[in-house]
Amino acid sequence: MRGKWTITRIVSLLSIFCVCWSVAGLALPAQSDADYVQQARSFMSKGQYSQAITSFNRALSINRSNVDAYMYRAASYVQLGKLQEAIVDYDRAIELAPGNPALYFNRGLAFMQVERYTEAVDDFSKAIEHNPQDADALIFRANAYLKDGRMANGIHDYNMALKIRPNDTRIFLQRGDVFFDLGNFDGAIKDYTKALNADPRNGDAYFNRANAYYIKREYNNAVSDFTQAISLQPDRLDGYYSRANTYFSMEQYRQALVDYDYLVSKNFQNPKVYFNRAIAHYQLGRYQKSIDDLTVFIAKDKQAVFAYYNRGQAYYKLGKKQAAYKDYVKCLEDDRLEVEARVQVRKDMREMGFQPPPEPFSTFMHSSEDFQFDMPQSWYVKTSDEGSVSIMTVAQNDVGQQDSVVKIGTTCALMRNVPEQYNGAQDRESIFRFGLRLIANGIPEEAINDIFSEKNHKIGSYSGFRRDINFQDNAGAKKTRMIQLVLANSKNLLIITYEAPHSSFGEYKNIFEKSIKSIKIK
């Protein structure tokens with residue numbers, strides 16, 4: 001599993017750093033603070049951390065300057081999950097012994113667990129100042145940097161740690177994970193391969209490299225690595241699941257079914273195994289088996305919008321048209337179904353001879369006659385039968401090459417007769433949430449919680465607000481900019497979304513804002 005050597009390993013590492021002594025047998029009656037500390041460490045060696053803390057308390061009641069008592073009581077608190085108390089003890093120990101690098105290292109680990117990554121970086125840095133060859137401090141500082149969003153610093157520390165431990169598998173694994181998360185899959189594969197060169201029986205390295213191969217669509221390599229991971233770690237069911245999905249992507253459905261069947265027999269907890277197995281059965285013409293699996297999936301996953309659609313297709317293949325119709329309707333009843341998918345479901349129903357049920361509201365205009373938008377000639381307009389008007393913008397010389405260029409686009413949607421609870425432009429968040437559920441405009445779910453701009457707009461009888469959005473890639477580079485207007489009057493809702501690559505945004509923004517003023521709604 002990627003990222004295995006991370007904060008989840010802190011407890012065991014603390015045991016290595018802090019619980020290094022044990023005392024055989026029962027401790028003798030304590031007479032001094034040193035005796036109580038020895039007694040407490042005996043309790044720690046047996047995992048009796050609460051008793052250890054009691055003994056440390058007694059030691060400190062005798063001597064408030066006993067560094068060992070603070071240090072090891074902090075370690076006991078960590079083992080009990082009382083991290084704030086541990087940090088307080090490390091603070092006091094550091095005041096008494098500021099030259100002890102182990103104290104900074106262990107407090108850094110505690111800071112990591114409470115997600116105070118900047119403080120963790122500072123503590124690991126102090127430990128490194130005392131011992132520049134401390135590879136563990138470099139590794140954990142790298143982890144803290146990554147958690148703090150400082151990717152380049154984290155990679156630099158991994159590189160420094162590798163100079164000290166050039167064959168440390170875990171460093172290659174962790175640096176490979178960073179490359180993976182940054183989308184540098186070739187770099188990730190190289191690091192996972194180096195990890196395997198150092199430890200040829202490392203199942204995590206095979207599994208992680210397989211995932212990178214899968215994303216690169218090098219499916220044969222992915223299958224080979226997933227198989228190696230499974231052979232080394234037979235109990236890792238995610239290996240079977242990932243290999244099954246890879247076979248599925250290769251359209252080798254029978255091989256995929258072998259792994260899906262095994263996962264079901266092992267009570268694999270991810271309900272998607274039933275959905276995926278259902279689709280594999282469908283592709284092989286095993287429609288009843290597909291229905292059975294989709295029925296299980298629907299029972300396990302209450303968010304299963306598309307499962308009804310797929311089960312409807314399987315019912316139709318078996319000639320069970322009434323059951324198919326019910327599932328299509330069930331799919332359409334879920335208002336989380338995005339517009340493009342909703343239009344496709346209704347189209348499929350017509351092709352199968354079904355009359356789609358009326359929408360609970362008149363959502364979309366049916367022709368551009370309802371909607372006038374004065375666009376430059378280099379912009380072209382597409383209107384679906386029951387979808388929104390889509391105005392895609394490309395440079396004049398790009399027309400006809402739309403698949404090979406990054407499009408600049410505007411999506412406009414007008415919803416007629418909006419249900420009463422969403423009427424009125426004053427309830428901006430309700431309007432926006434409603435629009436998100438009904439209009440496929442590419443905005444991520446988390447954008448719902450963005451702070452809305454206070455730039456109010458009015459077009460005819462419509463009033464509302466404008467919001468500006470920046471999209472970034474994993475490395476933080478700006479990729480796309482978007483302006484969205486959410487407008488409403490007493491009956492209708494209008495959403496206009498303008499989107500362009502960040503590099504060319506300014507070029508088209510003025511044209512767009514000028515064109516907005518030409519909007520007329522009939």
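All of these numbers come straight from a predicted model, not from anything done at the bench. Residue numbers run from 1 in the order of the sequence given. Values reported hereafter were calculated over all heavy atoms of this structure, with side chains retained and with hydrogens, waters and symmetry mates removed.
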Pairing residues for F56 by the ring pair (Phe, Tyr, Trp, His ring centres under 6.0 Å) criterion, not counting sequence neighbours: none

List the residues meeting salt bridge (charged side-chain N to carboxylate O under 4.0 Å, His left out) with D168, not counting sequence neighbours, and say none if there are none. R165, R170

Which residues pass the salt bridge (charged side-chain N to carboxylate O under 4.0 Å, His left out) test with D301, not counting sequence neighbours? none

side-chain contact (heavy atoms from CB on, under 4.5 Å) partners of V258, counting only residues at least two apart: none

Using the side chain to side chain contact (heavy atoms under 4.5 Å, CB included) rule, pick out the option among Y282, Y274, F275 that qualifies with D293. Y274

So, using ring pair (Phe, Tyr, Trp, His ring centres under 6.0 Å) as the criterion, who are the partners of Y247 when residues are at least two apart? none

Suppose we call two aromatic rings close when their centres sit under 6.0 Å apart. Are F226 and F207 close by that rule? yes

Partners passing side-chain contact (heavy atoms from CB on, under 4.5 Å) against N197 (at least two apart in sequence or in another chain): T193

Sorted by chain and number, sequence neighbours left out, salt bridge (charged side-chain N to carboxylate O under 4.0 Å, His left out) with E95 holds for R92

pair L80-I53: side-chain heavy atoms closer than 4.5 Å: yes

Keeping Q269 on the side-chain end and N267 on the backbone end, is there a donor-acceptor pair under 3.5 Å? yes

Only counting residues at least two apart or in another chain, list the ones meeting ring pair (Phe, Tyr, Trp, His ring centres under 6.0 Å) with Y219. Y214

I need the full list of side-chain hydrogen bond (donor to acceptor under 3.5 Å, both in side chains) pairs touching residues 118-128, with sequence neighbours left out, sorted by first then second residue. R107-D123, R116-E119, T118-D148, S125-R141

Give me each pair satisfying ring-ring contact (aromatic ring centres under 6.0 Å, His included) with a member in residues 145-176, each pair once, sequence neighbours excluded. none

R64 side chain near Y70 side chain, heavy-atom distance below 4.5 Å: yes

Taking it one step at a time, do F124 and N143 satisfy side chain to side chain contact (heavy atoms under 4.5 Å, CB included)? CA-CA 10 Å; F124 293 132; N143 294 342; over 6 Å; no

Show your reasoning for whether salt bridge (charged side-chain N to carboxylate O under 4.0 Å, His left out) applies to D204 and R236. CA-CA 10 Å; D204 290 333; R236 69 173 312 157; 3.1 Å; yes

Apply the test side chain to side chain donor-acceptor pair (under 3.5 Å) to residues N245 and S242: give CA-CA distance (whole Å), side-chain angles for both, the deciding distance (0.1 Å), then the verdict. CA-CA 5 Å; N245 292 341; S242 298; 5.6 Å; no

If the condition is salt bridge (charged side-chain N to carboxylate O under 4.0 Å, His left out), which residues does D186 pass it with, not counting sequence neighbours? K216

Qualifying residues under ring pair (Phe, Tyr, Trp, His ring centres under 6.0 Å), relative to F185, sequence neighbours excluded: F180

